[in-house]
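These notes concern the structure reproduced below.
First listed ligand is number 1; within each ligand, the first listed atom is number 1. The basis for the numbers below is simple: all heavy atoms, side chains too, and nothing from hydrogens, waters or symmetry mates. Worth saying up front: this structure is predicted, and the values here are computed from it rather than measured.
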Amino acid sequence: MKGVTVITHPLVRHNLTRLRDRHTQPQEFRRVLSEIAVLLLYEATRSFGVRRRTVATPLQRSTGYQLQREVVLVPVLRAGLGMLDAILQLLPNARVGFIGLKREESTLRANFYHQSLPRDLRRFEVILIEPMLATGGSAVAALDLLATARARHVRLLNLVAAPEGVRCVHARHPGVPIFTAALDQRLNAKGYILPGLGDAGDRLFGV
Ligand code: URA
C-alpha cells in the first residue's frame, strides 16, 4: 500500500512471530517488543535529514554529520510504552511526549485521557509510536493533536497494521509515512487485527 513501508528484515519477521504466539508471556513479550522496536526504528529513521559538521578526531579535523532536527517521541498509551525505552537507547536526546487514548469497546471510538506535548512541534522530527494500527481511530486522533501542535515532520512507527487503519490514517493525514512490521489481513467485528497478536497492552502488562 502507498505510504506504508513494511519492514521485512528476517529478524523483524522472527521476532514478530514470537510476539504473535499466544504462549509468549508478558516478560518475554516486553523483551521481544523492545528488540523489534530497535530494528523498526532503524528503518523508520533512514530518511532523517543530516547536516554536515566539522569534527576534530585525535588526529585531524574531518567532516561528519549530525541530525538536522531534534526528535520528539510520542508513544500512545498504553502499548506505545512497550517500544519507548528501546528507542530511547538509540535516540537518548529525544524528548518524549505522551498521548493517552482509550478505545471505547462498544463504539471503537478513541477517547483522550492524557496529553503532554511540547507546545510547538514545527522544528522537530516527530515519531508517533502506535504499535497496533487497527481502525485507525486512535492514530488519527493522535495525529490530529500533533497537527494542532503544528508538527510538520511526522512519521508513524507501528508494529502491526490493518488495511482499514492504513486507509483511515491516509484519508486524513496523507503525508504521514507509516512504518510497520506487518500489514495484516483485516479487522474482526470487535476491531481486533487478524491474525494480529491480540491486545498489545494486555500482552505487555498482563492485564
Ligand atoms: N489494539 C490492539 O492492541 N490489538 C488489536 O488487534 C487492535 C487494537
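Protein neighbours of ligand 1 below 4.0 Å, counting non-hydrogen atoms: R103, M132, A134, G191, Y192, I193, G198, D199, A200.
Salt bridge annotation for R95-E70: present, with a cationic side-chain nitrogen under 4.0 angstrom from a carboxylate oxygen. Under the 4.0 Å criterion applied to side-chain N and carboxylate O atoms, D21 and R203 are not assigned as salt-bridge partners. One finds a salt bridge joining D202 and R78 here, because a Lys/Arg side-chain nitrogen approaches an Asp/Glu carboxylate oxygen to under 4.0 Å.
Side-chain contact check for E104 and N111: at least one donor-acceptor pair (N or O, by modelled atom type) lies under 3.5 Å.
Annotation: salt bridge (Lys or Arg N to Asp or Glu O under 4.0 Å) contacts involving residues 152-161, sequence neighbours excluded, comprise E125-R155.
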Quick one, V76 with I129, criterion side-chain contact (heavy atoms from CB on, under 4.5 Å). Give me CA distance, side-chain angles, the key distance, then yes/no.
CA-CA 6 Å; V76 177; I129 307 171; over 6 Å; no
